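Worksheet for the structure shown next.
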There are 2 protein chains.
Amino acid sequence: MRKTGDLNLVKEINKSIVLDYIRHQSPISRARIAELAGLTKATVSSLVNELIGSRLVQEIGAGASSGGRKPMMLLFNGTAGYSIGVDLGVDYILVVLTDLSGRIVFERRHAHANTSVERVIDALKAAIREAADQAPASAYGIIGIGIGIPGISDGQGRVLFAPNLGWENVPLGPAIEEAFGVPVVIDNEANAGAVGELQFGTGQAADNLVYLSIGSGIGTGIVLNKELYRGSSGFSGEFGHTSIELEGKPCRCGNRGCWELYASESALLEEARKQLEDRGLDVGRLIRLAEQGDEAAIRLFERWGFYLGIGIVNIMNGINPGLIVIGGKLAEAEQWLKAPLLAAVERRSMPYPRAGMGLKFSGLGARSTVLGACSFAISKFFASTKVLVN
Amino acid sequence: MRKTGDLNLVKEINKSIVLDYIRHQSPISRARIAELAGLTKATVSSLVNELIGSRLVQEIGAGASSGGRKPMMLLFNGTAGYSIGVDLGVDYILVVLTDLSGRIVFERRHAHANTSVERVIDALKAAIREAADQAPASAYGIIGIGIGIPGISDGQGRVLFAPNLGWENVPLGPAIEEAFGVPVVIDNEANAGAVGELQFGTGQAADNLVYLSIGSGIGTGIVLNKELYRGSSGFSGEFGHTSIELEGKPCRCGNRGCWELYASESALLEEARKQLEDRGLDVGRLIRLAEQGDEAAIRLFERWGFYLGIGIVNIMNGINPGLIVIGGKLAEAEQWLKAPLLAAVERRSMPYPRAGMGLKFSGLGARSTVLGACSFAISKFFASTKVLVN
DNA sequence: TAAGTTTGTAAATTGATTAAACAAACTTAG
DNA sequence: CTAAGTTTGTTTAATCAATTTACAAACTTA
């Protein structure tokens with residue numbers, strides 16, 4: 001049964017248009033919204049007044065006149081509610097509390113040992129509880145919780161498969177939902193990162209973007225037409241497991257020559273530890289070596305940039321997103337990676353689509369995923385007609 | 001200025017829901033539509049009567065009763081208008097005339113020499129004129145023309161770049177539009193093929209599909225959420241130019257080891273001609289050799305299937321469409337390709353997403369592109385509110 | 001000070017959906 | 001063969017969000 005049209009739908013559409021203008025172009029007046037949106041002043045006035053009634057919008061006083069009555073300026077009331085975002089890593093839990101504008105109010109990173117599913121869920125609950133307790137009093141309170149996981153989930157909050165956690169078929173969403181009594185959204189960590197960059201980071205102007213989460217593997221989050229693309233089986237896309245070497249190294253996924261075997265952080269470190277004969281080497285140390293002018297370290301970054309470039313060209317040619325955002329710990333090494341990466345891309349991509357393409361390092365750094373998780377919760381809050389109808 | 005909600009929008013939405021039921025589930029009664037769509041009987045009745053008024057729907061008499069008054073069955077009137085689809089190849093022009101249901105009424109394949117842009121456009125006009133003259137009298141006449149081209153176009157009907165035709169910046173759409181006075185849609189041949197399969201072929205049940213057009217190169221058309229994905233610069237995606245061999249053969253696109261250098265028809269023929277020492281060899285001949293049990297020919301197909309499989313696994317892992325449709329001349333070789341292809345896919349893909357994936361050879365064969373082109377024209381006709389409002 | 005602008009609200013109108021009622025057409029149980 | 005119940009499709013009145021038109025208030029500018 002497809003969604004049919006009725007007066008409620010009309011109002012919902014228009015109210016969300018009006019709210020979007022106030023969210024993204026504030027301070028703004030009723031008259032200006034009417035002009036921009038193509039609605040009449042009367043309609044906008046009525047909808048704005050309802051939004052004020054539901055505490056999502058505030059009047060902040062008169063603005064400058066342009067030759068007539070002064071406009072009453074409107075502001076989105078970000079503090080009408082709070083959202084909790086969680087980035088569940090293999091050995092850490094990063095939690096933030098944000099208001100409805102995505103402004104971070106509280107942030108905490110916990111270590112976790114991943115001894116059992118129950119322990120992790122308990123740790124998650126404690127971390128979420130701590131964040132929730134920091135939320136100031138507000139009209140709607142905690143409106144939802146978003147969680148980014150290193151694995152895949154179905155649409156109902158169940159973690160289907162998270163190899164690096166050793167999880168299979170864990171009903172994480174329902175567990176958290178039951179504990180806190182608010183809607184919970186679970187999605188892949190790279191998907192969350194992509195949405196984080198779209199809403200609050202480097203990708204705010206983009207329609208289509210691919211977010212690369214580079215760590216022990218390479219995860220990809222794909223946003224098309226401003227919407228997260230989740231793929232047909234919830235398994236939205238893993239460019240990390242596309243082969244760039246026909247008969248390359250075998251990968252645990254069954255394929256050979258997967259991109260992440262060459263361009264992930266783990267791949268870099270493995271090679272670096274071998275070459276530099278240092279078994280405890282990490283990326284920070286490698287960066288310091290490069291800064292000191294160590295030739296071998298610099299060559300390693302150059303090689304890594306090259307491998308990254310290969311896969312990025314494949315993504316550019318394959319789905320031509322307007323923007324590719326490189327995220328994760330990698331952003332720290334931007335200085336050493338950028339030049340060889342751009343060189344590889346330049347050398348191997350077609351001039352035409354490249355011209356319209358952006359390639360940027362994440363501005364949100366390690367926060368892309370948590371902020372994306374918050375955005376899931378906030379979007380769900382606004383989508384649940386609760387606020388927008390009546 | 002975003003599209004706002006008003007009464008027209010509501011009606012447009014509901015009318016198109018009703019029309020879709022009649023198009024895809026006919027014969028169907030008003031009462032049944034109301035039940036399925038979640039609209040009231042009164043609303044459906046009113047909308048259906050307007051659709052009958054605009055000649056898009058017909059009553060075909062009473063159906064079987066289920067214990068009450070007999071329902072009046074409704075049928076989509078496919079012959080209320082006709083659409084022309086064109087597949088412009090490097091050396092041929094394939095034209096079809098279809099009714100609004102996509103039923104082919106007339107079809108003709110012409111050869112063309114590609115001596116100059118003007119000559120080709122003249123040949124196109126003549127071919128279209130011939131098809132248009134075959135259209136029976138109807139309520140709306142020729143409602144539009146769709147053209148699939150071996151290149152990329154902007155949204156305004158301009159051919160930006162078609163290397164194999166030697167075209168750059170040709171205003172094909174406006175030229176045809178001026179000559180025939182109906183809307184013209186131009187898009188890439190693989191994009192058209194993808195839409196053809198979605199609307200009339202193997203992909204009718206799919207939400208997401210990738211269509212592979214395998215010829216001298218490999219073109220890909222991507223459909224996501226039932227909509228053609230056009231990419232950020234109109235350059236919607238060319239998986240043919242993703243590298244599957246890091247330091248493989250150089251490609252004219254600037255990259256190395258592009259998939260189409262291994263898995264295109266040209267790549268097969270090049271290798272086959274070398275191995276079999278037959279410079280005039282074509283695919284038909286190779287198939288016949290394989291049918292006669294020629295070991296070398298069979299091995300060539302096996303190798304080709306393997307290369308195809310590599311790229312298909314990359315697409316599966318990269319964007320996880322629900323369905324991949326293999327199209328073009330290739331379908332003829334299905335018998336020899338299928339086994340090695342499936343073996344490669346089976347061996348190298350992850351069990352989880354593979355389970356939900358379909359991999360099929362085109363049912364429309366060489367007609368995917370023309371029918372997709374027709375579908376462009378038909379969709380544009382229905383989208384132009386002309387029919388749906390008032 | 002008067003004229004013109006701009007903002008935001010109010011009142012009347014429009015039009016599509018819905019809910020409720022109903023007539024017509026049909027099946028089925030007795 | 002009749003009466004009761006079902007199903008279909010239309011009619012009528014009510015609802016409600018947007019629009020159109022009008023207008024008062026607040027402001028700038030000549």
Side-chain angles (χ1 to χ4, degrees), chain A residues 1-19 21-22 27-53 57-74 385 388-390, chain B residues 1-19 21-22 27-53 57-74 385 388-390:
Chain A
M1 195 177 105
R2 237 165 88 182
K3 171 87 183 168
T4 62
D6 61 4
L7 289 180
N8 267 334
L9 177 71
V10 170
K11 190 166 185 178
E12 202 179 305
I13 290 173
N14 291 338
K15 209 167 188 174
S16 94
I17 291 176
V18 169
L19 184 57
Y21 277 111
I22 299 174
I28 190 172
S29 70
R30 292 169 174 83
R32 178 93 181 111
I33 295 172
E35 190 186 341
L36 290 172
L39 291 164
T40 62
K41 290 185 294 175
T43 303
V44 172
S45 204
S46 146
L47 294 174
V48 163
N49 291 338
E50 287 187 26
L51 286 169
I52 290 174
V57 170
Q58 282 177 315
E59 297 185 325
I60 52 158
S65 160
S66 61
R69 172 173 160 182
K70 283 185 180 170
M72 176 58 70
M73 303 313 278
L74 303 167
T385 51
L388 292 179
V389 170
N390 244 320
Chain B
M1 195 176 107
R2 241 165 83 183
K3 171 87 184 166
T4 61
D6 62 3
L7 289 180
N8 266 337
L9 177 72
V10 169
K11 192 168 183 179
E12 200 180 306
I13 290 173
N14 292 339
K15 210 166 187 175
S16 95
I17 291 176
V18 169
L19 184 57
Y21 277 112
I22 299 173
I28 189 171
S29 70
R30 292 169 174 82
R32 178 93 181 111
I33 295 172
E35 191 186 342
L36 290 172
L39 292 164
T40 61
K41 289 185 293 174
T43 303
V44 172
S45 206
S46 145
L47 295 174
V48 163
N49 290 337
E50 288 188 26
L51 286 169
I52 291 175
V57 170
Q58 282 178 314
E59 297 186 326
I60 52 158
S65 160
S66 60
R69 171 175 161 181
K70 283 183 179 170
M72 176 58 70
M73 303 313 276
L74 303 168
T385 50
L388 291 177
V389 168
N390 242 322

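Quantities reported herein were computed from a predicted structural model and do not represent experimental measurements. Chain naming here is simple, since letters A, B, ... match the order of the sequence lines and numbering starts at 1 in each.
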- Item | B:Ala34: side chain to side chain contact (heavy atoms under 4.5 Å, CB included) partners, not counting sequence neighbours | B:Lys41, B:Val44

- Which heavy atom in A:Leu36 sits nearest to a heavy atom in A:Tyr21, and how many Å separate them? O-OH, 3.5 Å

- For A:Met73 and C:dT7, what is the distance between atoms CE and P respectively, to the nearest whole Å? 10 Å

- Among D:dT8, C:dC26, C:dT7, the one nearest A:Ala31 by side-chain distance: C:dT7

- Message: Reading 5' to 3' and counting Watson-Crick or G-U wobble pairs with both distances under 3.5 Å, write the dot-bracket notation for DNA chain D, | for bases paired outside the strand.
- Response: ||||||||||||||||||||||||||||||

Less than 3.5 Å apart, which donor and acceptor atoms pair up between the side chains of residues 64-73 of chain A and the rest of the protein, not counting sequence neighbours?
{"unit_1": "A:Ser65", "atom_1": "OG", "unit_2": "A:Gly67", "atom_2": "N", "d": "2.9"}
{"unit_1": "A:Ser65", "atom_1": "OG", "unit_2": "A:Gly68", "atom_2": "N", "d": "2.9"}
{"unit_1": "A:Ser65", "atom_1": "OG", "unit_2": "A:Gly68", "atom_2": "O", "d": "2.6"}

- Between D:dT8 atom P and B:Ile28 atom CD1, what is the distance in whole Å? 11 Å

- Reading 5' to 3' through nucleotides 11-23 of chain C, protein heavy-atom contacts under 4.0 Å coded B for base, S for sugar-phosphate only, - for none: ----BSSBB----

- Check side chain to side chain contact (heavy atoms under 4.5 Å, CB included) between B:Leu7 and all other residues, then give those that pass, not counting sequence neighbours. A:Leu7

- If you look at every heavy atom in A:Ile52 and A:Arg30, which pair is closest and at what distance? CD1-NH2, 3.7 Å

- Note on the structure: Taking every heavy atom of A:Leu9 against every heavy atom of A:Thr4, the minimum-distance pair comes out as CD2-O, 3.9 Å

- Integer-rounded Å distance: C:dG8 P and A:Glu35 CD: 12 Å

- Rounded to the Å, how far apart are A:Ile13 CD1 and D:dC16 P? 19 Å

- Message: Rounded to whole Å, please give me the gap between CG in A:Leu36 and P in C:dT7.
- Response: 11 Å

- Message: Using heavy-atom distances to pick each residue's nearest nucleotide on DNA chain D, tell me which of B:Met72 and A:Ala62 is more 5'.
- Response: B:Met72

- Considering non-hydrogen atoms only, spot the tightest contact between A:Asp6 and B:Val10 and give its length. O-CG2, 3.7 Å

- Shortest non-hydrogen separation from A:Ile60 to A:Pro27 and the atoms involved: CD1-CB, 4.1 Å

- Item | Nucleotide nearest B:Ser66 when distance is taken to its side chain, options D:dT7, C:dG8, D:dC27 | D:dT7

- Query: If every non-hydrogen atom of B:Lys3 is compared with every non-hydrogen atom of A:Ile17, which pair is closest and at what distance?
  - Reply: O-CD1, 3.6 Å

